[in-house]
Number of protein chains: 2
Amino acid sequence: MTTTSRKPRGEYAKTRTRRREILEAAVEVFSSSGFHKGSLRDVAERVGLSQPGLLHHFPSKEILLEAVLTWRDDQSRVLLGDPFPGGIDLLRGMVELARYNQGTPELVELHVMLSAEGTSHDHPLHQYFVDRYAEVFAMIDTAFRDAEAAGELKPGVECGSAARTLIALMDGLQVQWLLHREGVDMAGDLARYLQSILTVDL
Amino acid sequence: MTTTSRKPRGEYAKTRTRRREILEAAVEVFSSSGFHKGSLRDVAERVGLSQPGLLHHFPSKEILLEAVLTWRDDQSRVLLGDPFPGGIDLLRGMVELARYNQGTPELVELHVMLSAEGTSHDHPLHQYFVDRYAEVFAMIDTAFRDAEAAGELKPGVECGSAARTLIALMDGLQVQWLLHREGVDMAGDLARYLQSILTVDL
DNA sequence: GTCTATATACTGATAGAC
DNA sequence: GTCTATCAGTATATAGAC
């Protein structure tokens with residue numbers, strides 16, 4: 001969906017480099033302005049390209065945004081490790097992810113901006129976000145169930161509710177952190193919540 | 001800042017009605033499109049007015065948005081009661097607020113949309129959101145401290161962290177709820193979290 | 001692969017008649 | 001108080017030269 005690099009040799013290295021440059025610039029622009037306000041000209045200028053020049057690599061704004069999102073998802077996947085951890089290791093991974101996010105305000109802005117826009121039913125990426133949240137929920141819900149089976153979850157804690165709560169916490173803390181960077185410790189608050197419902201140390 | 005109704009009599013009833021109509025329409029438009037993408041023409045059409053006709057009542061787009069936000073704040077204030085409750089009563093009020101929100105998807109969308117946009121440093125309402133979050137934090141932090149003093153808070157719970165967590169939970173659950181309305185019980189999850197750190201029943 | 005030029009559409013805001 | 005007409009700015013996307 002994103003690269004479709006059919007050519008086998010390294011002949012198109014320049015193109016691949018260009019695409020990566022554009023992708024990085026697009027992250028910056030969509031992060032601070034959102035999808036709607038962020039303009040292709042802005043993105044093009046940052047890589048020293050005209051706007052039609054950019055459209056040669058990504059034929060429409062929406063396609064560019066999709067590429068940005070799959071790139072972002074890949075980043076998270078790399079950070080969490082492959083194959084995905086399960087159970088309490090995944091929960092630890094989420095805290096790590098939050099700690100990593102504290103070093104990349106740009107990615108945090110991108111996520112906050114786009115997931116807000118994505119709630120609109122007529123947004124081009126609405127379905128993407130609906131599906132993505134369902135996936136993330138399933139992943140974390142499973143992790144809690146595994147922890148429960150291993151006796152690592154305090155009795156009385158409902159897995160589904162805990163999964164929703166954890167996700168909400170990650171999203172909500174990001175908004176606060178963007179507004180008050182000094183006063184908010186995302187990873188710390190996340191760890192405190194998890195610790196409060198677990199029977200073992202994180 | 002919003003009405004400045006200097007005229008004493010009811011002579012301007014029609015104007016006041018118009019302004020309220022416009023405000024409601026603006027909530028709808030800014031809710032689903034955000035501030036940047038939502039257009040004044042959209043708002044004007046919904047009340048059967050031309051776009052310059054609308055600008056007679058609110059001389060600029062930004063002023064209209066400010067009016068929408070103060071209106072929204074007034075709504076919350078009415079719902080929480082005046083004067084504001086403190087301690088555990090405020091925490092109960094937050095759960096009630098979440099329950100109320102589950103009946104007004106439009107207001108939830110407005111909040112999610114605009115607080116995401118507001119994180120951008122160059123957004124016209126950035127400072128508004130910075131200040132507002134600081135206010136809300138102070139309010140809830142105080143409520144937790146009061147609860148702690150009354151022995152209603154479990155030992156080991158840090159008030160500031162709990163306040164940030166509660167706010168993040170409210171914000172984050174709204175995003176999930178907009179994406180998966182059936183599967184998310186905002187008030188329920190909120191109550192479960194609060195109950196887990198309190199020594200008394202909510 | 002990148003450009004210039006352009007088509008088309010929409011934006012917020014203003015001028016001025018009624 | 002509301003309108004029409006309009007301005008100046010910006011957007012995405014396309015056509016076609018090089």
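Keep in mind that the numbers below use all heavy atoms, side chains included, and drop hydrogens, waters and symmetry copies. Just so it is clear: chains get the letters A, B, ... in the order the sequence lines come, proteins before strands, and each one is counted from 1.
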Visitor: Kindly determine whether A/Glu148 and A/Cys159 satisfy side-chain contact (heavy atoms from CB on, under 4.5 Å), including the steps that lead there.
Guide: CA-CA 8 Å; A/Glu148 188 178 40; A/Cys159 290; 3.5 Å; yes

Visitor: Does B/Ser39 place a side-chain N or O at less than 4.0 Å from the phosphate oxygens OP1/OP2 of C/dT11?
Guide: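 For B/Ser39, the contact criterion (side-chain N or O under 4.0 Å from OP1 or OP2 of C/dT11) is met.
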
Visitor: What is the distance from NZ of B/Lys37 to C1' of C/dG12, rounded to the nearest Å?
Guide: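 Atom-to-atom, B/Lys37 to C/dG12, this comes out as 17 Å.
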
Visitor: Which nucleotide sits closest to the side chain of B/Pro52: C/dG1, C/dC3, D/dT4?
Guide: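 Nearest listed nucleotide: D/dT4.
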
Visitor: Should A/Ser60 be listed as having a side-chain N or O under 4.0 Å from OP1 or OP2 of D/dT12?
Guide: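 Answer no for this pair, as no side-chain N or O of A/Ser60 is under 4.0 Å from OP1 or OP2.
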
Visitor: In this structure, how many angstroms lie between the P atom of D/dA5 and the CG atom of B/Leu55, rounded?
Guide: 18 Å

Visitor: Report the distance from atom CG of A/Leu40 to atom P of D/dT12, rounded to the nearest whole Å.
Guide: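 It is 4 Å, rounded to the nearest whole Å.
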
Visitor: Does a side-chain N-to-carboxylate-O contact under 4.0 Å join B/Asp141 and B/Arg164?
Guide: no

Visitor: Between B/His36 and C/dT11, is there a side-chain N or O to OP1/OP2 distance below 4.0 Å?
Guide: no

Visitor: Send over the distance from B/Asp42 CG to C/dA9 P, rounded to a whole Å.
Guide: 17 Å

Visitor: Just the rounded figure in Å: distance from P of C/dG12 to CZ of B/Phe58.
Guide: 15 Å

Visitor: Spell out yes or no: do the side chain of A/Gln51 and the base of D/dA13 have one donor N/O and one acceptor N/O closer than 3.5 Å?
Guide: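 In this structure, the two groups form a donor-acceptor pair.
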
Visitor: More 5' along DNA chain C: A/Arg41 or A/His56, using each one's nearest nucleotide?
Guide: A/His56

Visitor: Verify, without hydrogens or angle tests, whether B/Arg72 (side chain) and B/Leu107 (backbone) share a donor-acceptor contact under 3.5 angstrom.
Guide: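 Such a contact is absent between B/Arg72 side chain and B/Leu107 backbone.
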
Visitor: To the nearest angstrom, how far is B/Leu54 atom CG from C/dT14 atom C1'?
Guide: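 Between C1' of C/dT14 and CG of B/Leu54: 15 Å.
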
Visitor: Using 4.0 Å as the upper bound for N to carboxylate O, is an ion pair formed by B/Arg18 and B/Glu21?
Guide: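 Salt bridge between B/Glu21 and B/Arg18, a charged N being under 4.0 Å from a carboxylate O: yes.
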
Visitor: Between B/His123 and B/Phe35, is the gap from one ring center to the other below 6.0 Å?
Guide: yes

Visitor: Using whole Å, what does the distance between atom P of nucleotide D/dT12 and atom CG of A/Leu49 come to?
Guide: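 Whole-Å distance recorded here is 14 Å.
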
Visitor: For D/dT2 and B/Ser50 - does any side-chain N or O of the residue sit under 4.0 Å from the phosphate oxygens OP1/OP2?
Guide: no

Visitor: Give the rounded distance in Å between these two atoms: CD of B/Glu45 and P of C/dC10.
Guide: 11 Å

